[in-house]
Amino acid sequence: MIKHALSVTRAQDFAAWYQTVIAEADLAEESGVRGCMVIRPWGYGIWERMQRLLDDRIKATGHENCYFPLFIPLSYFEKEAEHVDGFAKEMAVVTHHRLIADGKGGLIPDPEAKLEEPLVVRPTSETVIGTAFARWVQSWRDLPVLINQWANVVRWEMRTRMFLRTAEFLWQEGHTAHASAEEARVETLKMLEVYRDFAEACVALPVVAGEKPENERFPGAVATYSIEAMMQDGKALQAGTSHFLGTNFAKAQNIRFQNSEGQFELANTTSWGVSTRMIGGLIMVHGDDDGLRVPPRVAPWQIVIVPMLRDAPEDAALIDYCQAIQAALAAQTALGEPVRCLLDLKPVKAATKRWGWVKKGAPLVIEVGGRDMAAGAVSVIRRDRLYRADGKLDSAAIARDELLAQAGDMLAEIQAALFAQAKARLDANIRRDVTDLATFEAYFAESETRPGWLEVNWSRPTGAALDAVVERLKALKLTLRNVPQDAAPATGACLFTGAPAVERVLVGRAY
């Protein structure tokens, strides 16, 4: 019987397990402000790794980074009716610029300091960036405009959960303007592919890329595309989105240009983003009952060396031995980058440090004791396979030189193994053979935590017909996820409307 490091298992209570991983892995903690969190160094280190890897991919496609203000005039939002309607309930608004004493030991907004126009705390930047595009774009020669910003945004969520849905979160948001709709659509799908590649190659997160149904579009968009990841409880997580905005925002923000024939046209724009929600996906896809498992590409420290110090004179020689190993590992490359190796010299018991790094999900934990040093060896714990078949901790003793020769390959193996496990789970839990509503509803009605998704025929209904489908799904706590790009051609009737199907759509429960 394995005694796991966490007090709650995934099978017992997946939601409680998720919160426990965040706490035990030192990822984040409550901030004192409802819906906001303090991201601790290990959690932020994962975000920094994600940021660096994704930023390289964004820049490789020709985009430049910039920064826009946190505060956006309310009038900017009012120019695009669908956009303001979509975000109105989530907007945090600044109305005063000064506080005064209330005479009771507290502070209140100064009535004399009311702003002439309320300022919205950035929920997304289409409107303020569109206003800038209107200044920057005058001629076809000014196009395309390809920019990205890394920033925080605020959306006043009613039900919050760390990393998955918070009032404030971190993200990148790309915004582009193009001379034609075709060029903008190409951009939208290009960035969707960047997200798919980043999720799978870096976060080891297998995803399904496709177009969102009409009811799931970004407010004001012509088309929205997403990457959807499957969590271990079978729920979907929208891990990134890319939006083709057409000329909707250009019309509202007056982004016009003179074409090569001297005629004025509206630009076509796009926007796309990935946020710290990706860390929530990493936890729920790769975590186990001993804590987090971080794919080596996004691990702040890929290898952690834990010397078994005894507060004795011989500790100095053991530290020297470990420092030599650390230097040799740090001089190597793995997965295309220098190996990130930490020597943990904190004055804490070695067993406590070992399990601390197991819970944090460091890919390789190297333990070194006096006997290991005497034998020219180390003990290796791989986070992707923590236990042996007999249930005991898999701490394999190998020669020091063998570790140095194999460390890079081990990290690559762990990266591949985590992806393979998640991909097998995704593939095994998408069912594609359901063709009637009775079977569909019975499948999900069996359990509110039914794992997996169904891919079914879809006629792309709109208006009242779509609303009826959405309401029917809502009763089962289901949502339409996306129309997979790699889905087989649709044949037969739509599962929901009976009309001829034109595509296949994924349906499931989601975060």
Side-chain angles (χ1 to χ4, degrees), residues 80-83 85-86 180-193 195-196 207-230 235-249 268-272 426 430-441 443-444 452-510:
E80 215 296 322
E82 187 178 351
H83 191 63
D85 185 58
S180 70
E182 180 183 1
E183 187 180 326
R185 285 186 182 275
V186 168
E187 169 78 9
T188 305
L189 293 174
K190 179 202 299 180
M191 298 316 298
L192 182 72
E193 174 58 21
Y195 287 162
R196 186 205 60 76
V207 296
V208 177
E211 184 177 356
K212 300 290 276 187
E214 178 184 315
N215 66 301
E216 294 285 342
R217 285 179 192 154
F218 179 74
V222 175
T224 287
Y225 300 84
S226 71
I227 53 171
E228 303 283 334
M230 183 181 290
K235 290 185 179 179
L237 183 75
Q238 182 177 287
T241 51
S242 187
H243 315 289
F244 168 56
L245 306 176
T247 59
N248 292 343
F249 284 86
N268 282 264
T269 63
T270 79
S271 65
W272 26 273
L426 173 69
I430 299 179
R431 186 173 166 184
R432 297 180 171 86
D433 61 342
V434 174
T435 58
D436 65 276
L437 268 175
T439 304
F440 174 91
E441 294 186 349
Y443 177 84
F444 285 111
W453 312 333
L454 295 184
E455 182 188 292
V456 299
N457 282 340
W458 181 240
S459 60
R460 211 176 178 101
T462 188
L466 176 59
D467 292 342
V469 174
V470 171
E471 286 303 311
R472 187 164 195 165
L473 292 175
K474 190 182 295 185
L476 288 169
K477 299 182 179 179
L478 299 170
T479 55
L480 300 162
R481 302 316 305 159
N482 71 16
V483 174
Q485 290 179 325
D486 59 358
T491 58
C494 174
L495 182 80
F496 302 104
T497 67
V502 296
E503 58 196 14
R504 306 270 292 172
V505 69
L506 284 174
V507 184
R509 295 194 171 97

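When reading the values below, keep in mind they use all heavy atoms of this one structure, side chains included, and skip hydrogens, waters and symmetry mates.
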Q: Sequence neighbours left out, what passes side-chain hydrogen bond (donor to acceptor under 3.5 Å, both in side chains) with Asn268? Give chain and number order.
A: none

Q: Decide yes or no for Leu426 and Trp453: does some side-chain heavy atom of the first lie under 4.5 Å from some side-chain heavy atom of the second?
A: yes

Q.
What verdict does the side-chain contact (heavy atoms from CB on, under 4.5 Å) test give for Arg509 and Leu478, after you've listed the backbone C-alpha separation in whole Å, the side-chain angles of each residue and the deciding distance to 0.1 Å?
A. CA-CA 5 Å; Arg509 295 194 171 97; Leu478 299 170; 3.6 Å; yes

Q: With sequence neighbours excluded, tell me which residues meet side chain to side chain contact (heavy atoms under 4.5 Å, CB included) with Asp436.
A: Ala438, Thr439

Q: Answer yes or no: is there a side-chain heavy-atom contact under 4.5 Å between Leu454 and Phe440?
A: yes

Q.
Do Thr479 and Glu216 make a side-chain contact, defined as non-hydrogen atoms from C-beta onward lying under 4.5 Å apart?
A. yes

Q) Would you call Glu193-Arg196 a salt bridge at under 4.0 Å N-O? A) yes

(Q) For Cys494 versus Trp458, what's the shortest heavy-atom pair and its separation? (A) SG-CA, 3.8 Å

Q: Mind running salt bridge (charged side-chain N to carboxylate O under 4.0 Å, His left out) on Lys190 and Glu187 for me, showing each step along the way?
A: CA-CA 5 Å; Lys190 179 202 299 180; Glu187 169 78 9; 3.7 Å; yes

Q | Polar side-chain atom of Arg217 near backbone of Val222 as donor-acceptor pair, under 3.5 Å | A | yes

**Q.** Student check: side-chain heavy atoms of Thr241 and Lys212 closer than 4.5 Å
**A.** no

Q: Grab the two heavy atoms, one from Pro484 and one from Asn482, that are nearest each other, plus how far apart they are.
A: CD-O, 3.3 Å

Side chains of residues 495-504: which donor-acceptor partners sit under 3.5 Å, not counting sequence neighbours?
| unit_1 | atom_1 | unit_2 | atom_2 | d |
| --- | --- | --- | --- | --- |
| Thr497 | OG1 | Ser459 | OG | 2.8 |
| Thr497 | OG1 | Ala499 | N | 3.2 |
| Glu503 | OE1 | Arg460 | NH1 | 3.0 |
| Glu503 | OE2 | Arg460 | NH1 | 3.0 |
| Arg504 | NE | Glu455 | OE2 | 3.1 |
| Arg504 | NH1 | Asn457 | OD1 | 3.0 |
| Arg504 | NH2 | Arg432 | O | 3.0 |
| Arg504 | NH2 | Glu455 | O | 3.0 |

Q.
Run the side chain to side chain contact (heavy atoms under 4.5 Å, CB included) test against Glu82 and tell me which residues pass, sequence neighbours left out.
A. Glu80

**Q.** Glu471 with Lys474: basic N within carboxylate O range, under 4.0 Å
**A.** yes

Q: Compare every heavy atom of Val456 with every heavy atom of Val434, then report the nearest pair and how far apart it is.
A: O-CG1, 3.9 Å

Q | Min side-chain heavy-atom separation Val507-Leu476 under 4.5 Å | A | no

Q) Considering residues at least two apart in sequence or located in another chain, which fulfil the side chain to side chain contact (heavy atoms under 4.5 Å, CB included) criterion with Leu189? A) Leu192, Tyr225, Gln485

Q: Work out which heavy atom in Ser271 is nearest to a heavy atom in Leu245; give both atom names and the distance.
A: OG-CD1, 3.9 Å

Q) Distance from Ile430 atom CD1 to Arg481 atom CZ, nearest 0.5 Å? A) 12.5 Å

Q: Work out which heavy atom in Phe249 is nearest to a heavy atom in Phe218; give both atom names and the distance.
A: CZ-CE2, 4.3 Å

Q) Would Leu437 and Arg472 count as a side-chain contact (heavy atoms from CB on, under 4.5 Å) if you check the C-alpha gap in whole Å, the side-chain angles of each, and the deciding distance to 0.1 Å? A) CA-CA 11 Å; Leu437 268 175; Arg472 187 164 195 165; 3.4 Å; yes

Q. Which atom names give the shortest non-hydrogen contact between Leu466 and Pro461, and what distance separates them?
A. CB-O, 3.6 Å

Q | Pair Ser226, Glu228: side-chain N/O donor-acceptor within cut-off below 3.5 Å | A | yes

Q | With sequence neighbours excluded, residues passing salt bridge (Lys or Arg N to Asp or Glu O under 4.0 Å) with Glu183 | A | none

